[in-house]
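Letters A, B, ... mirror the listed sequences (proteins, then strands); counts begin at 1.
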2 protein chains.
Amino acid sequence: MANRRTNPDFLNGVPELLILQLLEQRPMYGYELVQAIVRSTGERLEFGEGCIYPLLHRLESEGTLTARRQQVGGRERVVYRVTRKGKGKLAEAAARWRHVAAAVTMVLQGGIHEQRQPGIA
Amino acid sequence: MANRRTNPDFLNGVPELLILQLLEQRPMYGYELVQAIVRSTGERLEFGEGCIYPLLHRLESEGTLTARRQQVGGRERVVYRVTRKGKGKLAEAAARWRHVAAAVTMVLQGGIHEQRQPGIA
DNA sequence: TGGGATACCTGTAACCGTGAGGCATGGAGG
DNA sequence: CCTCCATGCCTCACGGTTACAGGTATCCCA
């Protein structure tokens, strides 16, 4: 969970971010979510079930998601929904992602060396 | 090194990417590089020496970087430079970063659900 | 004399994601 | 009828990367 680290958790917290974002758009069950990630990233990203399911369990136990079991044609589905608390987490997480992505992209653009920002010390 | 994984190596390969990019702009020594990362990301990212030095060693042994020892006022510096091969790696890595970042940002924008791309199967 | 900045290094631990499994149901095809 | 594949859930072991806390040595300034 990265309790106060020097860097935000976004150099590997991408799956969690995507889960929150996609589930906020629409409640889904795990298997569905795995495929939704593939779809919505245009086949660029693909996280296996072995990555997603444990994450869903953790997010639920944190109170970020709620789970509801469903029976559909003899098959069971566990549908997840983002809680109010989860929406807050998503907002923070998305903001941090943009912050980090902007930083990296900035460096990649390269032209802008050593910019000074007057606000800090 | 993520030899053909389902996902590109960019959900955690950021330090390597920044090292390559910054060293391509200008050769630097380790200690300097650590601070350059802080600077050039506007204090958003900070990787400790314990992260950077081992990476430099690995990149050197891969042939991505070359090291040259220098004596400056009784202190030793190891200046790193990107090889031709390294420039190739940087280009690929940067492209992959943009690819991934675009995917995540796309999902975050959210409005665009389930877009179909006619090119693929 | 002490401390802080410079400058290098290593090792341990934690974390995350991968990939390969295991289980069960339902439907399609031979 | 039997088999295979897609669905749908799950767990575990492994590997790679990063974090953090060390350790060494020099130099400069107070």
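Set against D:dG8, D:dT11, D:dA19, the side chain of A:Arg77 has D:dG8 as its closest nucleotide. In the set C:dC16, C:dA7, D:dT11, C:dC16 carries the atom at the smallest distance from any side-chain atom of A:Arg58.
Screening B:Arg75, B:Arg26, B:Arg39 for a salt bridge (charged side-chain N to carboxylate O under 4.0 Å, His left out) with B:Glu32, the sole residue that qualifies is B:Arg26.
Legend: residues meeting side-chain hydrogen bond (donor to acceptor under 3.5 Å, both in side chains) with A:His99, ordered by chain and number and at least two apart, are B:Arg44.
A:Leu55 and A:Glu16 get closest at one heavy-atom pair: CD1-N, 4.0 Å. For B:Lys89 against B:Leu59, the heavy-atom pair with the smallest separation is NZ-CD2, 4.2 Å.
Under a 3.5 Å cut-off, the side chain of B:Thr105 and the backbone N or O of B:Ala102 do not form any donor-acceptor pair.
Between B:Lys85 and B:Glu62 there is no salt bridge, since no side-chain nitrogen of the basic residue lies less than 4.0 Å from a carboxylate oxygen of the acidic one.
Rounded to whole Å, atom P of C:dT25 lies 19 Å from atom CD of A:Gln70. Taking atom CG of residue A:Leu55 and atom C1' of nucleotide C:dT18, one finds them 13 Å apart after rounding to whole Å. The interatomic distance linking A:Leu33 (CG) with D:dC10 (C1') rounds to 15 Å, in whole Å. In this structure, CZ of B:Arg68 is placed 17 Å from C1' of C:dC8, rounded to the nearest angstrom. In this structure, CG of A:Leu45 is placed 17 Å from P of C:dC16, rounded to the nearest angstrom. The CE-C1' distance, from A:Met28 to D:dG8, rounds to 14 Å in whole Å. Remark: P of D:dT17 and CG of B:Leu18 are 15 Å apart, rounded to the nearest angstrom. Whole-Å rounding puts the A:Gln71 CD to D:dT7 C1' distance at 14 Å.
One finds the CD1 atom of B:Ile19 at 12.0 Å from the CD atom of B:Gln21 (value rounded to the nearest 0.5 Å). To the nearest 0.5 Å, atom OH of residue A:Tyr31 and atom OH of residue A:Tyr53 are 8.0 Å apart. The OG1 atom of B:Thr41 sits 8.0 Å away from the CZ atom of B:Phe47 when rounded to the nearest 0.5 Å.
In this structure, B:His57 reaches the C:dT10 phosphate: one of its side-chain N or O atoms is under 4.0 Å from OP1 or OP2. Within the structure, a side-chain polar atom (N or O) of B:Tyr53 is placed less than 4.0 Å from OP1 or OP2 of C:dC8. Here A:Tyr29 does not reach the OP1 or OP2 of D:dC9: none of its side-chain N or O atoms lies under 4.0 Å away. An OP1 or OP2 oxygen of D:dT17 is reached within less than 4.0 angstrom by no side-chain nitrogen or oxygen of A:Asn12. OP1 or OP2 of D:dT7 has at least one side-chain nitrogen or oxygen of A:Tyr31 nearer than 4.0 Å.
A residue-by-residue look at A:Val72 and A:Cys51 shows that A:Val72 has its nearest nucleotide of DNA chain D further toward the 5' end. If you find the closest nucleotide of DNA chain C to A:Gly13 and to B:Glu32, the one lying nearer the 5' end belongs to B:Glu32.
Backbone-only contact: B:Val78 has heavy atoms under 4.0 Å from sugar-phosphate atoms and none from a base.
Taking a 4.0 Å limit (strictly below) on heavy-atom distances, residues 97-104 of chain B does not reach DNA chain D anywhere.
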> Can you give one letter per nucleotide of nucleotides 21-28 of chain D, going 5' to 3': B for a protein heavy atom under 4.0 Å from the base, S for sugar-phosphate only, - for none?
Replying inline: B----BB-
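Hydrophobic clustering keeps B:Val38 apart from B:Leu33 (ILVMFWY residues linked when any side-chain heavy atoms are closer than 4.5 Å, directly or through intermediates).
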